[in-house]
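Remarks on the structure that follows.
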Amino acid sequence: MRETRLEISAAPHLHAPDSTARIMWTVVACLLPPLGAGVWFFGVGALLIVTAAVAGALATERLTGPRSSLRDGSAVITGIMLGMTLPPGFPLWMAFLGGVVAIGFGKAIFGGLGQNVFNPALVGRAFLQAAFPVAITTWPANGAAPWTLRGDLFALPLMSPQVDAVTAATPLGLMKFERAGTDLMALLFGNTGGSIGETSAFLILIAGIYLAWRRYLDWRIPASILITVAVLAGLFWSIDPQRYASPLFMLFSGGLMFGAIFMATDMVTSPVTRAGAWIFGAGIGALVVLIRNWGGLPEGVMYAILLMNAFVPFINRATRPRVFGTARRSIA
Amino acid sequence: MRRQGFRHGVHPPERKELTAGLAVRRMPFPAEVVLPLRQHAGKPARPLVARGDRVERGDLIAAADGWISAPVHASAAGTVAGIEWWPHPDGSMCEAIRITVDRWSVQVPRPRLVPHWEDLAASAVAQAVQDAGVVGMGGAAFPAHVKMAPPKDAMVDVLIINGAECEPYLTTDHRTMVEYPERVHFGVRIMMHSLGVDRAVIGIEANKPDAVEALRRTAPPDLDVSIIALEVKYPQGAEKMLVHAVTGREVPSGRLPVHVGAIVQNVGTVAAMAEVFETGLPLIERIVTVTGRGIARPANLLVPVGTPLRDIIEFCGGLEADAAEIVFGGPMMGLVQADLRTPITKGTTGIVVLTHEETAPRVTYPCIQCGRCLDACPVFLVPQQLGALAQLGRYEEMELYNLADCMLCGSCSYVCPSNIPLSQMFALSKAALRRQKARVA
């Protein structure tokens, strides 16, 4: 018989076709339509901001991670997500710094991919919110031609950025501070003030449905978040419609859709069990309503997710499945 | 109606079409058969022959060593060439009796019919099955007679026959059910007689409608045997999953199906049992599916036990150019082979030759806590956490997380997008724990 070199490996000898890299790059692809909407509404400056955040994330990943870790696509996701939560006129160096902090303090410090407790993109954003409170709440008006640069994109590091004269409040800001509503269709398609990627609830929803269909995100998490927000917001709205926003406004404004579909479903920082996904989502939804209705900030999605991230190990433990053939769930 | 099944599990590609329609053919006798003394779970057999002895086909050449053991019979007439350490399918070396096959023998066996088995006591029937060396033919090779004599305090009320064959590629049980349905029913009758149960269920994955049909057509009118189609899902054929699918009962952790009143036997095993009482022949040959994209002519073969791998591959037209890996059993739980001299044993269900395309190394990423392994695990463990503990060598802690309930089905490894070899890590952890305990004891 002809000589053949046989391989030796452990069972199972078949493998499902999915890989972590494929999941990550598919998520990247699904982030592009909402990003495109952001560029359409806020101009090429939006693209520059996202690029700066991605560059910061990639550079830090390259410095801190193993040699091949750029290929898994997770740092690109972090960068894009961070960039998409920033206002359209945000100085580029700050966005870059946000990317560095997101990977450095959100991920690398815990031991890299899979080890982090908090969503790295949100760690980056929380840092930016604390460090540059003015820049991150300056929302240029949309509606100008796509090539118009808004805000003070090219501000030098450590210099106070020039606050652009033409600014517009976000729908949530209007609601919180002026008790003014926004047209629902504008919210749905993104023609409102706000962060780069969070404005078009419609495109985010489409991307989310696709990812859920591919089983690249756990649909229970956004479902649970959105149901909780709708129910709680509806409850308060029915008590006092003058004081509290309507559930539809709550669902489609601000970063809720983006947070629920792309941020909260980050596999690393969300529960592994199905029951856990429902609890996790309900917690986020409740916190969002709490912060939006009574907090000092108009928006609460970021802190809601970060807070619930901290509870994930406990949720995992509490929802551990009952082992087949045993009376109770296993210890610990 | 919802198909009977179990929760969780995975759906690997079936790939049974390569051999599902091929009738079983007898393979010619090889020049030499090698019969390991350990072809069953339990104590190895004790050899009764010496170099130079002449043996006829079917002669006893090694005796069972105790109750949980099985004898070995010559699978071909010839001369004992020696008792030597020889490569075993499990990857170790094992003492084996080598028989140089007599080229001119007509290979007529010396049958030893058991007369009037219906009149025998259950223990005598079980003894006859042990004397014939019948073991579980589904892969685990647990001595078949042990299940015919359950503990006195056990209340067995149902016999479950495992025709699930959930491993991809394999069609051994499928062909047995399609071609020898009467024999399966005869084996069921023997089992029911010796167990004293009046209900039997044959569970078959729904992807084998012809097997379901054949068994239903030939079902004996005087016995309560129901043939049911099960959900097509791996590992449907795992004993605990099958018991759950058929009866709704959960076998307690660390216990056997007999604790919930069920005895599970593979279809191939009951067919082999039936053959003992039909022809008087011990278990000396078995049906083996030779398949995979790496073999020239896939086939379902009736092969003498102890036939070396090389002879079977040659009979099937040799390996294709892109053949990469040879597995005994199915690709999910099978044993990979490193030596073409390795013989098939009583428990070898199939020989799967995988190609480079299927075995190409995959990049391993860190665990991203996606939770897919939790959704795959048929016994509801948390493989992701067990894997993290295994990497740290915290084996005692793994025991607290029910490592013992892991049956190494490989579902978690199959779905892991980061390609973490979870089930391999669990196999090694179990071995490490055994060593630790042996040291303490």
Side-chain angles (χ1 to χ4, degrees), chain A residues 1-24 65-66 68-69 71-74 111-116 215-218 265-274 276-277 312 316-317 319-327 329-332, chain B residues 10 12-13 168 240 244 250-255 310 313-314 318-319 323-327 331-338 340 352 354 358-359 362-363 365-371 374-375 378-382 384 400-402 405 408 410-411 413-419 421 423-424 427:
Chain A
M1 197 186 301
R2 187 176 42 82
E3 281 306 308
T4 304
R5 292 182 71 87
L6 290 178
E7 293 171 7
I8 302 294
S9 71
H13 303 283
L14 295 179
H15 197 282
D18 269 340
S19 76
T20 293
R22 193 202 274 195
I23 295 174
M24 296 287 182
S68 60
S69 68
R71 251 179 282 152
D72 64 36
S74 63
L113 180 61
Q115 302 293 319
N116 46 300
R215 312 225 305 131
Y216 288 175
L217 67 75
D218 188 347
T265 54
D266 171 29
M267 289 169 175
V268 177
T269 56
S270 61
V272 289
T273 61
R274 293 177 180 187
V312 166
N316 278 340
R317 186 179 291 191
T319 56
R320 179 181 302 287
R322 178 187 66 88
V323 175
F324 189 90
T326 60
R329 54 178 63 104
S330 59
I331 64 107
Chain B
V10 295
K240 290 183 174 187
H244 185 63
E250 257 187 42
V251 179
S253 163
R255 295 301 191 80
R310 183 185 296 273
I313 291 174
E314 258 166 28
L319 299 176
E325 207 166 34
I326 301 176
V327 180
M332 293 299 283
M333 287 186 78
L335 303 161
V336 67
Q337 300 305 315
L340 295 182
V352 184
L354 300 166
E358 290 165 293
T359 64
R362 300 171 66 99
V363 187
Y365 299 96
C367 170
I368 55 166
Q369 333 256 334
C370 65
L374 277 92
D375 285 343
V379 291
F380 311 132
L381 301 176
V382 187
Q384 156 246 347
L400 302 178
Y401 286 98
N402 297 60
D405 285 291
L408 303 174
S411 297
S413 303
Y414 174 78
V415 293
C416 180
S418 286
N419 301 308
S423 58
Q424 185 185 10

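Letters A, B, ... are given to chains in the order of the sequence lines, protein chains preceding strands, and every chain is numbered from 1. Just so you know, these numbers use all the heavy atoms, side chains as well, and skip hydrogens, waters and symmetry mates.
Of all the heavy atoms in A:Leu6 and B:Gln337, the pair that sits closest is CD1-O, 4.0 Å. Taking each heavy atom of A:Arg320 and B:Val382 in turn, the nearest pair found is NH1-CG2, 3.1 Å. Closest of all the heavy-atom pairs between A:Pro321 and B:Phe380 is CG-O, 3.6 Å. The minimum heavy-atom distance between B:Val415 and A:Ala16, with the atom names listed, is CA-CB, 4.2 Å.
Ranked by heavy-atom pairs under 4.5 Å with chain B, the first of A:Pro17, A:Ser19, A:Ala10 is A:Ser19. Ranked by heavy-atom pairs under 4.5 Å with chain B, the list A:Thr20, A:Thr269, A:Ile8 is led by A:Thr20. Comparing A:Gly112, A:Ala21, A:Gly111 by heavy-atom pairs within less than 4.5 Å of chain B, the highest count is held by A:Ala21.
Among residues two or more places apart in sequence or in another chain, the side-chain hydrogen bond (donor to acceptor under 3.5 Å, both in side chains) test is passed with B:Asp375 by A:Arg274. The side-chain contact (heavy atoms from CB on, under 4.5 Å) search around A:His13 returns A:Ser9, A:Ala11, B:Glu325, B:Val327, B:Pro331, B:Val336, B:Leu354, not counting sequence neighbours.
The contact between A:Ile23 and chain B is made entirely by side chain atoms (from C-beta outward), counting heavy-atom distances below 4.5 Å. At a 4.5 Å heavy-atom cutoff, A:Ala277 makes no contact with chain B through either its backbone or its side chain.
At least one donor-acceptor pair closer than 3.5 Å links the side chain of B:Gln369 to the backbone N or O of A:Gly114.
Ring geometry for B:His244 against A:Phe324 counts as perpendicular: the plane angle is over 60°, on a 0 to 90° scale with 30° as the lower cut.
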Derivation of the side chain to side chain contact (heavy atoms under 4.5 Å, CB included) call for A:Asp72 and B:Val363: CA-CA 10 Å; A:Asp72 64 36; B:Val363 187; over 6 Å; no
